[in-house]
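Worth saying up front: this structure is predicted, and the values here are computed from it rather than measured.
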Amino acid sequence: SPIPTLISEAALNARIVDARNKLEMFIDSDVADTEIVHTGSPYNCDVKKSKEIGYLIDMNTGESTFIKGDYWSINANLFSDPMRKDREYIIIHTHPRMWVTCGGSGIYSLYTFSIGDLSATANLTEQGYHVQKLIAIADKDYRIWPYETDGWKPEAEIMRAVDRIEARVGQPFSYYDPVFEQTFYDVDNLMPLLAEELNYHYTVNNNIIN
């Protein structure tokens, strides 16, 4: 069956702006379940984190569905529940604000897309859903989308691209965090290179990075 007609560019932009305004209002509110996590010695760390919240925008009907996610990255299952395979979508979401202060020094805050966001979108594509674009709202407006329709790359391919970039640049873009016992990526610096490597468009505040 043919994909239904898309709503006009102007109507779509109006919905993106509306979703963005609501998310900016919610980002530091109870809606985001922002919490402070205290961990004692040996690291003496103070952590504040928020859940991702977002809207699924149906590009065929213009309908926006509010989605409350998890900490760290998009949960593909939560987004796929209201999705239909004969429609096209834009996912707009907040990026988890995370502050880690250990012994009074060192603050990490991750703003742009996470590796998890990109692989979750590939996962939706593999299930037969059509995500045209991802938008993240944080300190800036970040947008990413493949040059080819449904051209989202799976996680294994993303990780190989990260390895190639690290080898080429001669420095790692990740660090292991002993407090969270997981690896975080310096996505703010990695994403422009990664987008190029994966054949994705990437804009920051509507400026074309790639």
Side-chain angles (χ1 to χ4, degrees), residues 1-27 31-32 50-70 72-96 110-155 158 187 191-192 194-195 198-210:
S1 62
I3 296 248
T5 338
L6 299 178
I7 61 171
S8 74
E9 192 76 14
L12 182 62
N13 284 335
R15 280 160 181 80
I16 291 171
V17 168
D18 181 54
R20 190 178 68 205
N21 291 344
K22 286 179 180 154
L23 292 174
E24 284 177 341
M25 203 167 60
F26 292 152
I27 207 164
V31 177
S50 307
K51 277 190 181 168
E52 288 205 349
I53 49 179
Y55 281 93
L56 178 70
I57 301 175
D58 185 322
M59 297 176 68
N60 305 107
T61 64
E63 190 183 351
S64 299
T65 309
F66 178 74
I67 310 279
K68 184 165 178 170
D70 293 336
W72 314 127
S73 67
I74 287 175
N75 179 329
N77 295 337
L78 294 174
F79 276 92
S80 64
D81 279 352
M83 291 174 87
R84 288 178 37 170
K85 292 179 181 177
D86 61 344
R87 301 274 176 81
E88 297 210 24
Y89 296 95
I90 285 178
I91 289 178
I92 176 168
H93 70 295
T94 55
H95 222 271
L110 307 174
Y111 279 123
T112 186
F113 302 98
S114 65
I115 303 283
D117 291 340
L118 301 186
S119 52
T121 310
N123 186 280
L124 288 168
T125 305
E126 278 164 27
Q127 291 176 53
Y129 298 107
H130 305 284
V131 178
Q132 201 182 82
K133 190 179 286 186
L134 276 188
I135 302 176
I137 304 301
D139 58 328
K140 299 183 177 81
D141 172 307
Y142 299 96
R143 301 183 183 204
I144 199 162
W145 67 102
Y147 278 90
E148 288 176 17
T149 307
D150 295 331
W152 300 98
K153 308 289 196 302
E155 187 171 16
I158 296 170
V187 282
M191 204 50 64
L194 188 56
L198 297 174
N199 215 18
Y200 291 173
H201 294 278
Y202 180 54
T203 65
V204 178
N205 282 353
N206 293 319
N207 295 316
I208 297 166
I209 308 295
N210 192 8

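Considering only heavy atoms from C-beta on, Met191 comes within 4.5 Å of Ile144 through its side chain. Looking at Asp18 and Ser64, their side chains never come closer than 4.5 Å, going by heavy atoms from C-beta outward. Asn207 has its side chain out of reach of Thr203: every pair of non-hydrogen atoms, C-beta onward, lies at least 4.5 Å apart. Ile135 has its side chain within reach of Ile16: a pair of non-hydrogen atoms, C-beta onward, lies under 4.5 Å apart. Between Ile7 and Asn60, every side-chain heavy-atom pair lies at or beyond the 4.5 Å cut-off. You'll find the side chain of Leu194 reaches within 4.5 Å of the side chain of Ile115, heavy atoms only. By the 4.5 Å heavy-atom criterion applied to side chains, Leu12 and Ile90 are counted as neighbours. Tyr89 is not listed as a side-chain neighbour of His130, based on a closest heavy-atom distance of 4.5 Å or more.
A donor-acceptor contact shorter than 3.5 Å is absent between the side chain of Arg87 and the backbone of Asp58. Here the side chain of Thr94 pairs a donor or acceptor atom with the backbone of Ile53 at under 3.5 angstrom. Looking at Lys153, its side chain never comes within 3.5 Å of a backbone N or O of Leu118 through a donor-acceptor pair. Using modelled atom types, one side-chain atom of Asp117 and one backbone atom of Ser114 make a donor-acceptor pair closer than 3.5 Å.
For Pro192 against Ile209, the heavy-atom pair with the smallest separation is CB-CG2, 3.6 Å. Residues Ile67 and Leu78 approach most closely at CD1-O, 3.7 Å, considering heavy atoms. Heavy atoms only, all atoms of each residue included: Pro82 and Phe79 are closest at CD-O, 3.1 Å. In this structure, His201 and Pro146 approach most closely via the heavy-atom pair CD2-O, 4.1 Å. Pairing each heavy atom of Met83 with each of Val131, the nearest pair is CE-CG2, 3.9 Å. Scanning both residues, Arg143 and Asp141, for their nearest heavy atoms gives NE-OD1, 2.9 Å.
Using the six-membered ring where Trp is involved, Trp152 and Tyr200 have ring planes that are perpendicular, over 60° apart on the 30 and 60° scheme. Ring pair Phe66/Phe26 is perpendicular by interplanar angle, where above 60° counts as perpendicular and below 30° as parallel.
Separating the CD1 atom in Ile92 from the CZ atom in Arg15 is a distance of 13.0 Å, to the nearest 0.5 Å. With values rounded to the nearest 0.5 angstrom, Asp86 atom CG is found 10.5 Å from Tyr129 atom OH. For the atom pair CD1 (Ile208) and OH (Tyr202), the distance works out to 13.5 Å, reported to the nearest 0.5 Å. The structure places NZ of Lys85 at 10.5 Å from CG of Leu124, a figure rounded to the nearest 0.5 Å.
Glu155 CD: 12 or fewer foreign heavy atoms inside a 6.0 Å radius.
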inquiry  = Would Thr112 and Val204 count as a side chain to side chain contact (heavy atoms under 4.5 Å, CB included) here? Give the steps.
reply    = CA-CA 9 Å; Thr112 186; Val204 178; 6.0 Å; no

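No side-chain donor from either of Asn77 and Ser80 sits under 3.5 Å from a side-chain acceptor of the other.
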